[in-house]
Amino acid sequence: MQFDELSPKQQEAISINDKHLRIIACAGSGKTTTIAGKVAYLLDPANGYDLKPENIIAFTYTDKAAAELKNKILNASGHYTGMANMYIGTIHGWCLKALQDNIYEYQSFSVLDEIKLKLFIDKYYERIGMKDIAKLSNPAVPLRRFIDTSIFARIMDIVRESDLENELPENIKSAKKKYEQTLLSKKFFDFSMIMDRAIESLKPDSNLTKKIEQSLKYLIVDEYQDVNPIQEKLINKLHEISGCNVVVVGDDDQNIYQWRGSNNKYIINFDKKFNEAEFKNIPLGINYRSSEGITRLAETLIANNIDRIRNKSMVSDHRQSFAKGQDLLFNEYDSVSEENEAIAEYIENIIGVEFSDREEKKRGLAYSDIAILLRTWSKAETIVEELDKHNIPYITAGVNQLFETPEVEGALGIYYFLYGDIEADELIKLWTKLPNNRLDVKKLKMAVDNLSKRKPDLNTVRDNWEYSLQDILWEFIVDGEIYEDNFIDDSNSEILKKSREKAEIIFFNLGKFSQVINDFEEINFNSVSPARHLFSFLSFITYAARDYYPQGWLNNPYKTPNAVQIMTIHQAKGLEFPVVIIPGLNKNYLPSKKKGGLNEWHFLDRALISEQPRYEGNDDKEDERRLLYVAITRSQKYLLLSRAPDLDNRLYRVESQFAGELRRANVLVQDKKEDFSSQLKIDSKPKEKIKNISLDFTTLKDFFDCPYRFKLVSMYGFKFPLNQRMGVGRSFHNALMEIHKRAQKQEELNTKDLIRLVERQTNFPYLTKSTKLKRPLWRKVRNNVVDYYEDNKDDFDNIEFVEQDIQYKLDENILVLGRIDLIKKRNESGKFETTIVEFKSEDKPIVTRVTKDQLKLYALGHRELTGQRADYIMTYIIGENNPKTPEKLLDSDLNEIEDKIKSAVEKIRDEDFTKVEDKEKCDSCYENRLCYYRLKYNSKCIR
DNA sequence: TGACCGGAAGTTTTT
DNA sequence: CTTCCGGTCA
């Protein structure tokens, strides 16, 4: 977008750069475009700011938002070197990178997500002092293992991320300490700890502080209304250290994540941090998304909130027309089933109605233009049933019944059989009853036979055992020949299409189950015995997993069918739709009734936490009103609000208090059955989605080798079985990184230093306690690292970059990300020659065919970063006698890899994941056990 | 009309 | 464990 196409306010936001800015961006105000424009403006040398990409940090709220912003920035900016050095991402991501780049010890750490963290808490229940935290009202009742895990996690989060009014009580203080020490000892972070440690590392004169001081000039914080106390602290600290300009962007009316302690007081009071001369407030009040009806309705509603910035407004730019008495409906029905039926009919009627989106040509509305927004997931069930009745396609991220699907019941049956809960024939039946399968009963019998050999011995404890539940699943799939192909019926093209879709769902669910096993084993692989391992897995499934896996976990990022979208209002944040349906405007639903039951405040004194009521949503329904505000402002033109008394539940019989507030806007029609039949209908056509694709090299490599493997890994999510030897490759890698980084600082290392370095960087997370493997693995890493140092130390002067982030923008919508291990620059008789180096260890558990593609791609990223083409590429195989084989890099290599990426992305967009017909590739494919072609080529299974 | 009681049903989610 | 509804009683 050109500068002069922007509104005066947007231009102002972009061109004022000598002050701290608060940009109050109403819904649909072109916020991301403005930020991207600002960054492009700052980088443009013509504007005289002399800024480099590394001088700018931009924080976003989610990875998805980061990818979008990055893409827009790269599209808006000129072509400058070093763009990969600009940080655009989440606060957590920045903190982690800062820690790992600056503190050698943290390089080998990984971050536990919510599920793994709960497993971790359960595993180390005793050690982390969880049982010392007892009810305030009754000290005899402590937090219970497996049952109160989430409460413990919540307490730890709150205690570290909020502002404390007072010293913590002894039991919580000590639990916090023990909990963090346990995490550190296993080389894990949780999300809060990353931020906590990063702030700690910003103490005076630290490495990190010095770097920030020198480099940071612009700090941009998107969605600033959702910042919580610890994040605010980090932002203040970064500003303090560097004296950078701070630009915060957000909308106080869209703060909807308060239970994490996010607080819109920071954006409301941002101006008070500075004196008048250094601060400027810029309201972006023009909504380019919605019609005047929508903006007026939303404004009227939100005006009832007291806790917000005054003197601002949202005005439609009238790009969408507003037909009063038609576009915005508020309909009441006698029962929920009538309400749902009316919703289905409304959808049927609005399909094909003429619509045009921004500059786009006129088209007929399609299913994917419609969103049904919910306050709670429980509302989804009956709506979904009604849509099914009407054959209306929909996608829903929620309604999680993974463990009830027949395919997952079959997979679970494997473990119930091993434990002796079910018999062989019962297990076989679970699989043969799957819809239209062509599974061979003989093969299944064989699979069960082989399975019986792996029944754990309950009495003896073997030394150095290995019992991988994931491997057991994979073996069962191999023996039983359970392949996607066996669920596809090609008797005619219609059936083929349908059965393909069903087979995909089955394997998608099995892939998710593979992830469930992986989550469990990543934390619990090294338990005391096979029998114990199996037992605790089954307990996890029975008692915990259903609660641990969140609604919406079943999302598939690569699928975008033409279907009605059903989602929660929270999930809809940042999205827009021509048609929005908000059902169930009842009291106790929106605003929603609070959840009762045991919660963290029975264990943690409310008075300790500053602004505590926010965590519980006690603010006179303002939070809930903001939610409805967000929901309404998702709509571009059409909005159907509806309600009906729920006869089955007396909580939902009375109208929501917000209904009256909405009526006051005078834009709604009540109880009008809008059939749209009078309106001109044209061909229904889904919006051309220019879907941004952001890929990293690992994903891309999967696709290059075989599109079907990409499908198994990235779409279905099958995880490779763990084993005790894992970690050698990563340990090497990390040790080498530390050596290179220290070499860059001219540090010389003696053998003792090297040994300490190896100790720090070595991590074998899946070793069992009694194992004898630890010494040999460790020794191997050490010997190879020492050898590497001896062989290469004379070359260390030539190191140019270590662990360098790269990115390569292929076109408007494709961004490839990666990280180069090492870049060397050698002065050969007055001429500089650059070599890109990638390290491989020969004994990685997953067979990686050494591929030149990876290096060529890196070379592409390197050219993007420096503006120069590298001269050589080379793979250094650690532990081999003659590991160095640099190869000349040609221009044609770069063109070739570009074409390859382009064709891969096209296929991903078209969802074309055809298996590669190539025996050699099949032989070396680490997921070949799950692939039908392994039989065709008679390839050996990879373990 | 207000106090009291029993019964039923009770959220959102990213890193 | 808490909140809300709706019935009953004073």
Side-chain angles (χ1 to χ4, degrees), chain A residues 59-67 89-97 99 110-118 135-138 141 147-148 150-151 153-154 156-157 160-161 188-196 198 222-223 226-228 230-231 234 254-262 373-380 397-398 400 547-553 555 567-574 584 586-603 614-618 621 623-628 630-631 645-654:
Chain A
F59 287 147
T60 61
Y61 193 66
T62 63
D63 285 327
K64 200 177 143 216
T90 61
I91 293 186
H92 288 90
W94 184 85
C95 290
L96 182 64
K97 190 174 149 53
L99 288 172
S110 41
V111 184
L112 293 179
D113 63 25
E114 204 182 315
I115 293 161
K116 284 179 213 157
L117 184 65
K118 284 182 192 169
K135 272 176 80 170
L136 298 169
S137 61
N138 181 359
V141 183
I147 301 162
D148 300 327
S150 307
I151 296 181
R154 273 283 286 168
M156 288 297 121
D157 278 353
R160 290 174 299 166
E161 295 202 9
F188 288 131
F189 285 132
D190 70 3
F191 291 126
S192 303
M193 216 193 308
I194 311 173
M195 294 194 286
D196 214 27
D222 192 11
E223 304 278 11
D226 280 323
V227 150
N228 74 10
I230 197 175
Q231 293 168 332
L234 178 77
Q254 294 191 55
N255 164 267
I256 56 173
Y257 284 96
Q258 57 296 130
W259 72 87
R260 299 166 51 239
S262 83
L373 303 185
L374 311 170
R375 172 70 252 257
T376 69
W377 276 115
S378 52
K379 187 108 193 86
N400 203 349
D547 297 335
Y548 283 17
Y549 289 89
Q551 301 271 22
W553 187 68
N555 244 341
M567 64 180 90
T568 63
I569 299 171
H570 285 91
Q571 290 171 318
K573 191 178 183 185
N586 286 324
K587 197 177 167 187
N588 290 327
Y589 170 78
L590 187 61
S592 96
K593 181 184 183 297
K594 253 188 359 185
K595 198 186 170 199
L598 198 64
N599 64 41
E600 57 274 21
W601 305 109
H602 295 121
F603 299 87
R614 291 201 55 73
Y615 288 84
E616 290 188 274
N618 297 338
K621 309 291 176 205
D623 289 322
E624 296 286 315
R625 197 177 281 110
R626 280 194 286 270
L627 263 175
L628 183 53
V630 168
D646 188 335
L647 304 173
D648 301 326
N649 190 331
R650 46 186 203 165
L651 283 175
Y652 310 126
R653 284 201 194 146
V654 181

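Order of the sequence lines sets the chain letters (A, B, ...), proteins ahead of strands, with each chain counted from 1.
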(message) If the cut-off is 4.0 Å, is A/Thr568 near the phosphate of B/dT13, judged by side-chain N/O to OP1 or OP2?
(response) yes
(request) May I ask you to evaluate whether A/Gln571 reaches the phosphate of B/dT13, defined as a side-chain N or O under 4.0 Å from OP1 or OP2? (result) yes
(request) Would you indicate, yes or no, if B/dT11 has its OP1 or OP2 atom less than 4.0 angstrom from a side-chain nitrogen or oxygen of A/Asn588? (result) no
(request) Measure from OH on A/Tyr257 to C1' on B/dT11 and round the result to the nearest Å. (result) 13 Å
(message) So A/Thr90, base contact, sugar-phosphate only, or nothing? Heavy-atom distance under 4.0 Å.
(response) sugar-phosphate
(request) With sequence neighbours excluded, tell me which residues meet side chain to side chain donor-acceptor pair (under 3.5 Å) with A/Gln231. (result) none
(message) Can you measure A/Glu600 atom CD to C/dT2 atom C1' for me and round it to whole angstrom units?
(response) 14 Å
(message) Counting the atoms with a prime plus P, OP1 and OP2 as sugar-phosphate, which does A/Lys135 contact under 4.0 Å by heavy atoms, base, sugar-phosphate, or nothing?
(response) sugar-phosphate
(request) Identify, with sequence neighbours excluded, every residue that meets side chain to side chain donor-acceptor pair (under 3.5 Å) alongside A/Thr568. (result) A/Gln571
(request) Could you give the distance separating C/dC4 and B/dT11 at their C1' atoms, to the nearest angstrom? (result) 16 Å
(request) Can you figure out which of C/dG6, B/dT12, B/dT15 approaches the side chain of A/Arg653 most closely? (result) C/dG6
(message) Could you check whether A/Asp157 pairs with A/Arg154 (Lys NZ or Arg NE/NH1/NH2 to Asp/Glu carboxylate O, under 4.0 Å)?
(response) no
(request) Please work out if A/Asp63 contacts a base, only the sugar-phosphate, or nothing of the nucleic acid, heavy-atom cut-off 4.0 Å. (result) sugar-phosphate
(message) On the nucleotide B/dT11, are OP1 or OP2 found under 4.0 Å from the side-chain N or O atoms that A/Lys379 carries?
(response) no
(message) I want to check one thing: is the phosphate of B/dT13, taken as OP1 and OP2, less than 4.0 Å away from some side-chain N or O of A/Trp377?
(response) yes
(request) With sequence neighbours left out, write down each residue that passes ring pair (Phe, Tyr, Trp, His ring centres under 6.0 Å) with A/Tyr61, or none if nothing qualifies. (result) A/Tyr257
(message) Using a strict threshold of under 4.0 Å (side-chain N to carboxylate O), is an ion pair present between A/Glu161 and A/Arg260?
(response) no
(message) Counting primed atoms plus P, OP1 and OP2 as sugar-phosphate and everything else as base, spell out the protein contacts along nucleotides 2-9 of chain B at 4.0 Å heavy-atom distance: B, S or - for each nucleotide, 5' to 3'.
(response) ----BBSS
(request) Tell me which of A/Leu598 and A/Lys587 sits closer to the 5' end of DNA chain C, going by the nucleotide each one is nearest to. (result) A/Leu598
(request) Using atom CG of A/Leu590 as one end and atom C1' of B/dG10 as the other, report the distance to the nearest whole Å. (result) 16 Å
(message) Let's test your reading of the model: under 3.5 Å, does the base of B/dT15 pair with the side chain of A/Arg260 as donor and acceptor?
(response) no
(message) Tell me the interatomic distance from A/Asp190, atom CG, to B/dT14, atom P, rounded to whole angstroms.
(response) 17 Å
(request) Kindly indicate, with the supporting measurements, whether the criterion side chain to side chain contact (heavy atoms under 4.5 Å, CB included) is fulfilled by A/Asp190 and A/Arg160. (result) CA-CA 11 Å; A/Asp190 70 3; A/Arg160 290 174 299 166; 2.6 Å; yes
(request) Return the set of residues passing side chain to side chain donor-acceptor pair (under 3.5 Å) with A/Asn586 (not counting sequence neighbours), or none when no residue passes. (result) A/Arg643
(message) If the condition is ring pair (Phe, Tyr, Trp, His ring centres under 6.0 Å), which residues does A/Phe603 pass it with, not counting sequence neighbours?
(response) none
(message) Between C1' on B/dT14 and CD1 on A/Ile569, what's the gap in Å once rounded to a whole number?
(response) 17 Å
(message) Expressed as a whole number of angstroms, how long is the span from A/Lys621:NZ to B/dT12:P?
(response) 16 Å
(message) What is the separation between atom CG on A/Asp646 and atom P on C/dG6, rounded to the nearest whole Å?
(response) 12 Å
(message) What is the separation between atom CG on A/Asn599 and atom C1' on B/dT12, rounded to the nearest whole Å?
(response) 15 Å
